[in-house]
Amino acid sequence: MSSAALPSSPDSLADAASPVSVPPLEDLSSVPLLSEDLRLTYLAEGAANIIYRLSAPPGAPPADEYVNKLLRLRKALPSAQPNLLAYSHLLHTFHPLFPSHLLVPTTLIRVPKSVILRENVNLLRMENAGKRPAKRRGLYLEEEAEDYGFVILDMSPRAIKDLPPTPPDTDDTAAPLLAGVIAEEFKSKGFLTRQILVEFKPKWVVQSPSAPANWRRCRTCALRLQKHRKPSLCPLDLSSQEEPRVRNTLQHILPSIPPKNLQLRHGESWEDARKAIEDQTADFLVNSELMPLLKRLQLEMDPLGPIKVAREGSQYYRERFFTAMTVRDLTIFLRIDLDGGVEARIGDLDLKTGEAGKWDYWTNVEQTLVTGGHYTGTEEGVWCKP
Ligand SMILES: O=P(O)(O)O[C@@H]1[C@@H](OP(=O)(O)O)[C@H](OP(=O)(O)O)[C@H](O)[C@H](OP(=O)(O)O)[C@H]1OP(=O)(O)O
Ligand SMILES: Nc1ncnc2c1ncn2[C@@H]1O[C@H](COP(=O)(O)OP(=O)(O)OP(=O)(O)O)[C@@H](O)[C@H]1O
């Protein structure tokens with residue numbers, strides 16, 4: 001296949017053997033070692049990583065250095081990269097793409113094998129007790145080829161006692177918290193909060209360059225409809241900066257029922273709180289620099305689309321394509337305060353390569369969407385094209 005049709009690139013060398021070039025690694029002598037004595041509490045997991053809270057064992061002094069931080073450990077997923085390589089790419093490739101205030105601060109930590117082995121036993125126990133999500137069962141932490149983990153900022157809602165005092169207000173929104181309820185609620189649910197974490201993957205905020213010219217559905221909606229037969233968050237609406245479109249698609253990511261530990265004020269209903277959350281999320285998405293930046297990055301990093309890059313792309317285009325795929329799969333965490341204020345940070349900037357069948361997966365997805373008419377919509381349904 002000729003590559004004559006490709007725009008010229010600064011580096012038009014033939015493909016090298018290595019799927020990605022390795023940026024310089026950090027000085028590893030300063031990387032701290034996780035204490036075996038710390039207690040790890042499972043918080044959540046995605047396809048490739050498990051997230052834990054860290055705390056001191058009973059009777060020991062509190063583990064202050066891990067307050068508001070989480071430990072992220074890698075699963076033994078064939079397509080995942082070792083954390084050292086992933087961290088190096090995080091620092092040298094992905095973090096420079098975004099302003100630092102929009103990033104989840106991340107540091108590297110050395111993790112003893114004994115901790116990984118112990119937590120895999122715990123995962124199996126959770127699984128047997130039916131406490132692990134069904135679609136995540138059967139895959140455990142990497143035991144052999146991993147010595148590191150990430151310590152990341154915890155974007156979970158902060159407890160009311162940890163929040164800075166609300167400045168004096170003059171209107172109704174400053175009605176007092178239900179103080180009498182607080183003591184009881186603290187006892188039963190751990191803590192109460194005026195914050196909520198909204199997390200979502202913005203996915204393909206510009207159309208796939210592999211889509212046919214007469215497309216009516218975006219790549220994410222086309223794939224979700226093809227896989228799950230129901231519409232979900234539309235990235236084109238999400239990133240449109242048009243308030244009605246943004247609000248319309250937010251229904252797919254905002255909570256429909258109140259989190260158990262959300263503290264309402266006297267006279268404040270869940271509907272009021274839900275409205276405040278929607279208003280702040282929409283305002284952020286319409287006005288923040290983040291959505292235009294994601295669009296620009298995806299356009300710049302993948303001008304060709306998966307099918308053409310796989311067939312004809314030089315090393316230059318392939319490396320940029322991997323960056324585009326990482327940016328397309330990142331997570332946005334919005335910590336929203338009911339009394340005003342949104343803290344937005346990007347996480348899950350994991351290096352992707354075409355290894356372990358990923359190239360085939362990416363090109364097959366595109367071929368299926370094109371040939372199955374999912375972009376053009378041969379069946380009636382949801383159209384993304386404005
Ligand atoms: O193919 P997609 O767009 O469905 O994205 C995959 C994600 O699915 P979803 O966001 O739910 O649609 C998928 O997420 P889930 O497993 O659904 O949580 C993974 O993030 C996958 O990446 P990787 O294989 O872990 O590197 C993601 O794969 P790629 O980003 O490598 O395509
Ligand atoms: N910084 C954070 N603060 C709070 N919760 C977090 C944070 N990072 C991750 N989580 C929780 O853990 C879950 C899994 O984390 P993460 O997205 O890093 O996993 P992953 O396996 O890389 O995901 P993917 O499925 O995209 O590959 C998230 O969906 C979120 O609920």
Side-chain angles (χ1 to χ4, degrees), residues 41-54 66 68-81 83 86 90 94 102-107 132-137 139-142 149-158 195-205 208 210 218-228 230-235 252-253 255 259 298 302 305-306 310 321-335 343-366 368-369 374:
T41 309
Y42 173 101
L43 175 67
E45 66 183 293
N49 296 279
I50 305 187
I51 310 294
Y52 294 93
R53 288 192 201 286
L54 290 164
Y66 297 117
N68 296 329
K69 293 191 181 139
L70 299 171
L71 178 68
R72 185 174 190 255
L73 298 179
R74 174 169 85 85
K75 296 191 216 175
L77 190 69
S79 59
Q81 302 302 310
N83 274 334
L90 188 71
F94 302 123
L102 286 178
L103 293 165
V104 170
T106 304
T107 57
R132 209 173 161 205
K135 76 170 183 173
R136 304 301 183 199
R137 288 181 198 158
L139 189 61
Y140 307 99
L141 299 172
E142 172 61 53
F150 290 174
V151 175
I152 57 179
L153 179 76
D154 185 359
M155 290 296 289
S156 310
R158 298 264 167 89
Q195 297 185 334
I196 192 160
L197 175 62
V198 173
E199 80 168 83
F200 55 93
K201 295 192 203 181
K203 304 296 292 189
W204 296 52
V205 291
S208 167
S210 299
C218 78
R219 193 270 191 185
T220 306
C221 288
L223 181 58
R224 296 260 163 89
L225 280 169
Q226 186 248 332
K227 272 193 193 167
H228 310 299
K230 57 176 187 199
S232 62
L233 177 80
C234 173
H252 295 291
I253 51 172
Q298 292 189 15
D302 180 18
F321 176 76
F322 296 143
T323 301
M325 290 309 291
T326 296
V327 170
R328 285 165 173 154
D329 203 34
L330 60 74
T331 300
I332 295 179
F333 296 100
L334 298 181
R335 181 160 41 197
E343 180 180 1
R345 294 192 183 268
I346 298 165
D348 213 359
L349 282 164
D350 290 328
L351 169 69
K352 286 182 192 275
T353 71
E355 288 170 17
K358 279 307 258 193
W359 269 122
D360 286 346
Y361 170 74
W362 292 327
T363 49
N364 286 344
V365 163
E366 291 297 323
T368 306
L369 295 180
H374 302 285

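Just so you know, ligand 1 is whichever comes first in the structure, and atom 1 is the first atom listed for that ligand.
- The single protein non-hydrogen atom nearest to atom 1 (O) of ligand 1 is Y361 OH, 2.6 Å, given as residue, atom name and distance.
- The nearest heavy-atom contact from the protein to atom 23 (O) of ligand 2 is D348 OD2, 3.2 Å.
- Considering NZ of K201 and OG of S232, their distance stands at 11.5 Å, rounded to 0.5 Å.
- Of all protein heavy atoms, the one closest to atom 32 (O) of ligand 1 is W362 NE1, 3.2 Å.
- For atom 8 (N) of ligand 2, the closest non-hydrogen atom of the protein is F333 CZ, 3.4 Å.
- The side-chain heavy atoms of E343 and L153, taken from C-beta on, include a pair separated by under 4.5 Å.
- One finds the CG atom of L73 at 16.0 Å from the OH atom of Y140 (value rounded to the nearest 0.5 Å).
- Closest protein heavy atom to atom 28 (C) of ligand 2: E199 OE2, 3.3 Å.
- Scanning the protein heavy atoms around atom 1 (N) of ligand 2, the nearest turns out to be L153 O, 2.7 Å.
- Residue T220 does not touch ligand 1, judged by heavy-atom distances below 4.0 Å.
- The two residues A76 and L139 come nearest to each other via the heavy atoms O-CD1, 3.4 Å.
- Summary of contacts: the protein heavy atom closest to atom 23 (P) of ligand 1 is K352 NZ, 3.5 Å.
- The two atoms that bring I196 and P255 nearest to each other are CD1-CG, 3.5 Å, heavy atoms only.
- Which parts of ligand 1 touch K203 is read off a 4.0 Å heavy-atom cut-off, strictly below it: atoms 2 (P), 3 (O), 5 (O), 6 (C), 7 (C), 9 (P), 10 (O), 12 (O).
- The single protein non-hydrogen atom nearest to atom 13 (C) of ligand 2 is A44 CB, 3.7 Å, given as residue, atom name and distance.
- Shown in contact with D350 at under 4.0 Å from a heavy atom are these atoms of ligand 2, numbered in order with element: 22 (O).
- In terms of protein heavy-atom proximity, atom 14 (O) of ligand 1 is closest to K201 NZ, 3.2 Å.
- Taking atom 28 (O) of ligand 1 as the reference point, the nearest protein heavy-atom neighbour is K358 NZ, 3.3 Å.
- Proximity of K201 to ligand 2 is established by a heavy-atom distance of less than 4.0 Å.
- Close contacts of ligand 1 with K135, meaning ligand atoms under 4.0 Å from a residue heavy atom, involve 17 (O).
- Summary of contacts: the protein heavy atom closest to atom 12 (O) of ligand 1 is R224 NH2, 3.2 Å.
- Closest to atom 15 (O) of ligand 2 among all protein heavy atoms lies I51 CG1, 3.5 Å.
- With ligand atoms numbered from 1 in the order given, ligand 1 contributes 32 (O) to contacts under 4.0 Å with heavy atoms of M325.
- The distance from ligand 2 to the heavy atoms of D154 drops below 4.0 Å at these ligand atoms: 3 (N), 4 (C).
- Those atoms of ligand 1 that come under 4.0 Å of a heavy atom in A47, given as number and element, are 16 (O), 25 (O).
- Considering only non-hydrogen protein atoms, atom 25 (O) of ligand 2 sits nearest to A47 N, 2.8 Å.
- Closest of all the heavy-atom pairs between F200 and I253 is CD2-CD1, 3.5 Å.
- Nearest non-hydrogen protein atom to atom 18 (O) of ligand 2 is R72 NE, 2.8 Å.
- Protein heavy atom closest to atom 4 (O) of ligand 1, with residue, atom name and distance, is K227 NZ, 3.3 Å.
- Ligand 2 has an N or O atom lying under 3.5 Å from an N or O atom of M155, backbone or side chain.
- Relative ring orientation between W362 and F321 is described as perpendicular, the plane-to-plane angle rising above 60° on a 0-90° scale split at 30° and 60°.
- Among the atoms of R136, some N or O lies under 3.5 angstrom from an N or O of ligand 1.
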* Should Q226 and T368 be marked as a side-chain hydrogen bond (donor to acceptor under 3.5 Å, both in side chains) after you check the CA-CA gap, both sets of side-chain angles, and the distance that decides it? -> CA-CA 9 Å; Q226 186 248 332; T368 306; 5.5 Å; no

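- Nearest heavy-atom pair across D350 and N49 is OD2-ND2, 3.4 Å.
- Remark: ligand 1 atoms within the under-4.0 Å shell around heavy atoms of R219 are 2 (P), 3 (O).
- Only one option out of E366, R219, R328 pairs with S208 in a side-chain hydrogen bond (donor to acceptor under 3.5 Å, both in side chains); it is E366.
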* Decide yes or no on side-chain hydrogen bond (donor to acceptor under 3.5 Å, both in side chains) for N83 and R72, but give the supporting numbers first. => CA-CA 10 Å; N83 274 334; R72 185 174 190 255; 5.5 Å; no

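- Considering CG of N364 and NZ of K358, their distance stands at 11.5 Å, rounded to 0.5 Å.
- Ligand 1 has a nitrogen or oxygen under 3.5 angstrom from a nitrogen or oxygen of D329.
- Rounded to the nearest 0.5 Å, atoms CZ (R137) and CZ (R132) are 8.5 Å apart.
- Considering OG1 of T41 and CZ of R53, their distance stands at 8.0 Å, rounded to 0.5 Å.
- If you look at N49 next to ligand 2, the close heavy atoms, those under 4.0 Å, come from the backbone and the side chain alike.
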